[in-house]
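This chain uses plain numbering: 1 for the first residue, then up along the sequence. The structure displayed is predicted, hence computed values, not measured ones.
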Amino acid sequence: MVIILKKHDWRFTNIRWKIVSTYIIIIIVVLAVLSSFLLNTLYSYLFDQKRVEVLTSANIIASTLSESFTEEYITKKIPQMSLEKNSRTIVVDTASTVIYDSYLETSLKGKTFINSSITSALMKNGKDSAHYYKENGSWFIDAAVPVIKNSKPIGAVFIIVSGDSTEQVITHIRNSIFILGILIVVFVGIFSTSMASILTLPVEKLTGFINNMPKDSLQKVEVTTKDEIGQLAMAFNSLIDRLAELEDKRRAFVSDASHELKTPLSIIKLLSDSLIQTENPDPEFIKEFLNDMNKEVERLTRIIERLLNLTQLDSKQLNTQFVHTDMKEVLKEIYKKLLPLADKKKIQFSLNMMEDEVILPIERDSLTEAIYNIADNSIKYTEDGGEVTMELSRDLGNVFISVSDTGIGIPKEEAQKIFDRFYRVDKARARETGGTGLGLAIALDAVKLHGGFIEVNSEEGKGSKFTIVLPYDDIKSKTENN
């Protein structure tokens, strides 16, 4: 039972039924408003027409009676006139005494008939009046006209007519409108259901395609239209492309990480097996092997630490505390750490900085490592006797930290890949220098954390220049938010 209810609820909450119900509700509201307006207008028009007719009849009678306003003449003349059925004609004198009453069953003849309309008609400047009103659920139209002789009212004619016939006409029209409204709603329901089916069919096909897609593969949907549905399909295909690219990077990352971890482990295993299989090894031999094993352990540690750093940056778990820091001090610190490595290779390592202070709010550890990794790479990939230069400058909105070298350079086709994880332009040299292929990836993520980016200009065989661009305003706003 629960499953059936859920299915039923889904059917009436999908797009198709929302479209149909919206159309029907709009049509019902429009019909209701239009019908109400038409019926009110019709009521006013028909009863106004009837009021004019009754007033005209009263004027004709009053004009006729003005010739001879005697009871005998009135009793003889009025029945001869063509008056509407279900009407009652009353004639009174100036004292509101009834002279004639066409309704014999409850005749008011000889009695005083007080009515505001008659009173107005019997005044010195008697005026015609006519009204329609509803009383005890029925409509009535009445009219009072003075009988004028010698410019003075000598009596009045009062006619009251039932409005049942007029109301029957309106009721018939109202019923016709109601039936027409039902037919229109049914037609709109059928039409909107058909249109909704046409409009939602591509969405249902896309949904079915996604639901039936194998879990172990990513497939693109065929784009057959250029409307919003087609744009949705193109957006889905674009998402599939990005997912496929992400999956390829994930697999490559896992493969490269496994390879990077496996290599030092294999060397350690090989060295340990050699020690185990060697009888009475020389202490110097053991020391050399242990020293090699220690280097591989250190390499494993570096790889794992950098992988952890990347994981923290990806998941934003890094404790990002932006502190106002003198960038000149940061560069001096990095320069001091890398100077021995440069001296060992007889590389001319220089630091050029502007005289003014460059105070920036930064996450010191991550940005320091980013600059260190770039400078370290420049030294490692520069031949002995080459040059490496670090520079610090700024303009009104940006701070620039550049590292230039006269190293081996980067081929144009490789320039876009150097920030990929585990990617190395020269794998053989990377093995010799102990590179992991993670340094530039960590550097880029750290710079992005500060709202900046890295520019690379390189020419194979002549050297490279890496420029870290840090927008001062963006970093400042990060500090204020923290």
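- S464 is linked by a side-chain contact (heavy atoms from CB on, under 4.5 Å) to D405, I410, S458, F466, counting only residues two or more places apart in sequence or in another chain.
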Report task. For side-chain contact (heavy atoms from CB on, under 4.5 Å), just list the numbers for K127 and S120, CA-CA rounded to whole Å, side-chain angles, deciding distance to a tenth of an Å, and then say yes or no. Result -> CA-CA 6 Å; K127 296 181 179 179; S120 297; 5.7 Å; no
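- When the side-chain contact (heavy atoms from CB on, under 4.5 Å) test is applied to F178, the partners found at least two apart in sequence or on another chain are I182.
- Applying the salt bridge (Lys or Arg N to Asp or Glu O under 4.0 Å) rule to E53 yields the partners K50; only residues at least two apart in sequence or on another chain are considered.
- By the neighbour-count criterion of 12 heavy atoms within 6.0 Å, atom CE of M123 is sparsely surrounded, having that number or fewer from other residues, nucleotides or ligands.
- Counting only distance, with no hydrogens or angles, the side chain of D101 and the backbone of Y103 share a donor-acceptor pair below 3.5 Å.
- The aromatic ring centres of F140 and Y132 sit 6.0 Å or more apart.
- Residues S87 and I160 form no side-chain contact, since every pair of their non-hydrogen atoms from C-beta on lies 4.5 Å or further apart.
- Legend: residues meeting salt bridge (Lys or Arg N to Asp or Glu O under 4.0 Å) with K465, ordered by chain and number and at least two apart, are absent.
- For the pair R364 and E329, the salt-bridge criterion is not met [side-chain N within less than 4.0 Å of a carboxylate O].
- Here the side chain of S36 pairs no donor or acceptor atom with the backbone of A32 at under 3.5 angstrom.
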Query raised in the report: Please walk me through it: do D93 and I154 pass side-chain contact (heavy atoms from CB on, under 4.5 Å)?
Result: CA-CA 6 Å; D93 57 16; I154 58 175; over 6 Å; no
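- Side-chain contact between R88 and T106 is present, with heavy atoms from C-beta onward closer than 4.5 Å.
- Checked against a 6.0 Å centroid threshold, the rings of W139 and Y133 do not count as neighbours.
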Query raised in the report: side-chain contact (heavy atoms from CB on, under 4.5 Å) between M327 and I359: does it pass, once the steps are laid out?
Result: CA-CA 6 Å; M327 292 304 299; I359 306 296; over 6 Å; no
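- Heavy-atom minimum distance, V403 versus S378: CG1-OG, 3.4 Å.
- Between F322 and E363, the shortest heavy-atom distance links the atoms CD2-N, 3.6 Å.
- Considering only heavy atoms from C-beta on, F47 stays 4.5 Å or farther from H131 through its side chain.
- Residue T94 comes nearest to G155 through the heavy atom pair CG2-N, 4.1 Å, listed as atom of the first residue, atom of the second, then distance.
- Under the side-chain hydrogen bond (donor to acceptor under 3.5 Å, both in side chains) criterion, K77 pairs with no residue, sequence neighbours left out.
- By the 4.5 Å heavy-atom criterion applied to side chains, F400 and S393 are counted as neighbours.
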Query raised in the report: Step by step, would you call V447 with V469 a side-chain contact (heavy atoms from CB on, under 4.5 Å)?
Result: CA-CA 8 Å; V447 171; V469 182; over 6 Å; no
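- Taken from CD1 in I170 to CD in E167, the straight-line distance is 7.0 Å, to the nearest 0.5 Å.
- When side chains are defined from C-beta on, K111 does not count as touching T97, because their heavy atoms never get closer than 4.5 Å.
- Under a 3.5 Å cut-off, the side chain of S107 and the backbone N or O of E105 do not form any donor-acceptor pair.
- The CD1 atom of I99 sits 9.0 Å away from atom OG1 of T70, with the distance rounded to the nearest 0.5 Å.
- To the nearest 0.5 angstrom, L180 atom CG is 12.5 Å from I173 atom CD1.
- Distance check, rounded to the nearest 0.5 Å: CD1 of I28 to OG of S35 gives 11.5 Å.
- Note: K18 NZ to T22 OG1 = 9.0 Å, rounded to the nearest 0.5 Å.
- Under a 3.5 Å cut-off, the side chain of S44 and the backbone N or O of N40 do form a donor-acceptor pair.
- For S66 (side chain) and S63 (main-chain N/O), a donor-acceptor pair under 3.5 Å exists by modelled atom type.
- For the pair D142 and V161, the minimum side-chain heavy-atom distance is 4.5 Å or more.
- Contact check for T467 versus I401: no side-chain heavy atoms found under the 4.5 Å cut-off.
- With respect to the salt-bridge test (charged N to carboxylate O, under 4.0 angstrom), the residues D445 and K448 do not qualify.
- The two residues V358 and K328 make their nearest non-hydrogen contact at N-CD, 4.4 Å.
- Within 6.0 Å of OH on Y23 lie no more than 12 heavy atoms contributed by other residues, nucleotides or ligands.
- Within 6.0 Å of atom CD in E72, 12 or fewer heavy atoms from other residues, nucleotides or ligands are found, so the atom counts as exposed in its surroundings.
- Closest approach of A121 and P146 over heavy atoms only: O-CB, 3.1 Å.
- Taking each heavy atom of L65 and V147 in turn, the nearest pair found is C-CG1, 4.0 Å.
- Partners of D164 under the side-chain hydrogen bond (donor to acceptor under 3.5 Å, both in side chains) rule, at least two apart in sequence or in another chain, are S162.
- Summarising the geometry, atom CD1 belonging to I27 is positioned 7.5 Å from atom CD1 belonging to I184; distances are rounded to the nearest 0.5 Å.
- Residues M390 and N352 have side chains not in contact (no heavy-atom distance under 4.5 Å, counting atoms from C-beta outward).
- A donor-acceptor pair under 3.5 Å links the side-chain atoms of T64 to the main chain of I60, judged by distance alone.
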